[in-house]
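Let me begin by presenting the structure, written as structure tokens, before commenting on it.
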Amino acid sequence: MSSNPSSSASPRLRFAPSPTGYLHVGGARTALFNWLFARHYGGTLILRIEDTDFERSTAEMVDGILDGLRWLGIDWDEGPHFQSQRMDLYRESAQKLVEDGHAYYCFCTKEELEQRRAAAQAKGGDPQYDKKCRNIAAEEAQARRDAGEACAIRFAVPDAGSTFFDDAVFGRVEFSNSEIEDFVLLRSDGGPTYHLSVVVDDLDMRMTHVVRGADHLSNTPKQVMLYRALGVQPPLFAHVPLILGPDKTRLSKRHGATSVTAYKDEGIVPGAFRNFLALLGWSPPDSTREMMDDRALIDLFDLSAIQKSNAIFDRGKLDWFNSEYIRAYPAVQLLPLIEEEWKKVGLIPFQTNREAMESTVDLVKPRARNLKDFATLFRAYFSDEYEVDSTAVEKFLKDEAVRQMLIELASRYEKEDVFSEGGTEKVVRDFAAEKSVKAGALINGARVALTGQGVAPSLFAVMANLGQERTVARLKRAKEL
RNA sequence: GGCGCUAUCGUCUAGGGGUUAGGACGGAAGAUUCUCAAUCUUCAAACCCGGGUUCGAUUCCCGGUAGCGCUACCA
């Protein structure tokens, strides 16, 4: 008998994705919660790939899942283990269950089952398996197997009584055993079903806690029965509510991106995504606190603070987190991510000096909402090939006189010996006073000429950043805009 | 259909037998100025419905409704 899981000194948890698709946001959050819990208690996180469905599982998906986890900053201590390499263990366990009288051979074919199920339902009866094979004598079963008849192994669910467990988030959940059919443990092809493989593996890998999606809540009593039949105490379960789309249905492609890789590709920064995900269904003791790095998340995380109801994925809030994180990320950290975005659009920066690029990043990052902004909105800060926003031209440069003045202004800057933020401003203001025009008109016009945008940081900071030569050249081009 | 779970602003949530029901995103308005997607200020916005229990229920209990999940030789 194992000891009470909740009193274990060092918790052991696992994340067990099925590689039949990329890492989706629901799975990512489950992984995150497991990780936060394990790190909070100094436990062990095991990664297990549940690839018993050979048809749908691919190695490519496994790589995608691992990439997604790494991107989110989730690391693991053991694994990845592959269920496909542990098939013997499942067969032996099923065999043992038969020997101990907890399971039996079932010779019903899939067709027969479907037929009888349909017939039962037509009569308004119970669609559960009718236990036809439950009482076949051991010798007969052996004989039929020897004769090569295909068979599955089913668990013999007790006819009476009920099964319950105490979930860390939902509390006590109880099911009447009569609601649970004699489920299959081992398929006729020799492969285990989910219920068998999870239990056998969680047992073999000495899991103390099972944190997974709430879609498994109704399946849990089956697994609890299996643990009991195997003579052990089940681990502590914690079921995490599901993530829904804006229409309150299960999140799917219809709602946009569902894989974490897609968010990476969309210019979301990993810290933002992790922070956002952590707050979907969980909140720290001080719920007014929202910005949390991994350290804070780990310190504050607690299973009991997980929400019981499903949460809707709010893209707007994610974007907000993204802008906050981009602003907070140091330029050194941001630059490599930005360079990936440049690569995607073929932008080759005119500047190669890292420090200079970093200071440019710092200049514009407060206005960024997405990493892509550095390759689109902010192109002019890094490249001489950028588009000019026509509405900005319309708004600030439609006056021919302004254009002329900007060209004149360029000549003045050309003659400056020092080109500083304060100095450039003085030149414009003096020039405006001289011409009896509002400085704002010139500043706004110059902004469009320099950045192609009507929106930008302080003009003089931009000039200082662009440098004298580039500032002059772009101002001179004002008349062509 | 059966079984299970859930229910606080549009969304994420805090709270809890007596509160002006708090915060955040988003929305609206205003301020600022050199533009704004930045910043600051302000505003609107919620306890699903019906019964109990109670001096008092949004909070506890029951029922309803709704949503979600499970009901496979998928995981």
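Throughout, protein chains are lettered first and strands after them, A, B, ... in sequence-line order, and every chain is numbered starting at 1. Values reported hereafter were calculated over all heavy atoms of this structure, with side chains retained and with hydrogens, waters and symmetry mates removed.
For a distance-only test at 3.5 Å, the side chain of A:Ser287 qualifies as a donor-acceptor partner of the base of B:G22. For B:C73, the base has no donor-acceptor partner in the side chain of A:Thr193 [N/O atoms by modelled type, under 3.5 angstrom]. Side-chain N/O atoms of A:Lys317 and base N/O atoms of B:A24 include a donor-acceptor pair closer than 3.5 Å.
Both distances falling under 3.5 Å, in either a Watson-Crick or a G-U wobble arrangement, place B:A66 opposite B:U6. Of all nucleotides present, only B:C40 satisfies the Watson-Crick or G-U wobble test against B:G30, with each distance under 3.5 Å. Nucleotide B:C74 forms no Watson-Crick or G-U wobble pair with any nucleotide shown, as no partner meets the under 3.5 Å limit on both distances.
Using atom C1' as the reference point in both B:C9 and B:C47, the two lie 10 Å apart (nearest Å). Across B:U65 and B:G50, the matching P atoms stand 15 Å from one another, rounded to whole Å. Rounded to a whole angstrom, the distance from the C1' atom of B:G27 to that of B:U11 is 12 Å. Comparing B:A57 with B:C62, their C1' atoms are spaced 15 Å from each other, to the whole Å. For the C1' atoms, the distance from B:C25 to B:A14 is 15 Å, rounded to whole Å.
Screening A:Ser84, A:Ser57, A:Ser18 for a side-chain hydrogen bond (donor to acceptor under 3.5 Å, both in side chains) involving A:Asp51 leaves a single residue, A:Ser84. Of the options A:Lys131, A:Arg134, A:Lys132, a side-chain hydrogen bond (donor to acceptor under 3.5 Å, both in side chains) to A:Asp182 is made by A:Arg134 and by none of the others.
Closest to the side chain of A:Arg187, out of B:U71, B:A75, B:C36, is B:A75. Each of B:C12, B:C73, B:G69 was ranked by its minimum atom distance to the side chain of A:Arg250; first place goes to B:G69.
Counting any heavy atom pair closer than 4.0 Å across all strands shown, A:Glu114 reaches no nucleic acid atom. Nucleic acid contact class of A:Pro457 (heavy atoms, under 4.0 Å, all strands): base. Here A:Thr52 lies in heavy-atom contact (under 4.0 Å) with sugar-phosphate atoms only. A:Arg369 comes within 4.0 angstrom of the backbone, heavy atoms only, and of no base. Using a 4.0 Å heavy-atom distance criterion, A:Leu113 is classed as a base contact. A:Leu242 comes within 4.0 angstrom of sugar-phosphate atoms only, judged by non-hydrogen atoms across all strands, and of no base.
Nearest approach of A:Leu406 to A:Leu442, heavy atoms of both residues: CD2-O, 3.7 Å.
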Base-contact (B) and sugar-phosphate-only (S) positions in nucleotides 2-9 of chain B, heavy-atom cut-off under 4.0 Å, - elsewhere: SSSSSS--
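Of the possible donor and acceptor atoms, one in the side chain of A:Glu112 sits under 3.5 Å from a partner among the backbone N and O of A:Thr109.
A straight line from CZ of A:Arg327 to C1' of B:C36 spans 12 Å, rounded to a whole angstrom.
Using a 4.0 Å cut-off on heavy atoms, the residues of residues 149-168 of chain A that approach RNA chain B are A:Ala152, A:Arg154, listed by number.
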Would you list the atom pairs, donor with acceptor, under 3.5 Å between side chains in residues 449-461 of chain A and any protein atom, with sequence neighbours excluded?
from     : atom 1 : to       : atom 2 : distance (Å)
A:Thr451 : OG1    : A:Arg447 : O      : 2.8
A:Thr451 : OG1    : A:Gln453 : N      : 3.1
A:Thr451 : OG1    : A:Gln453 : O      : 3.2

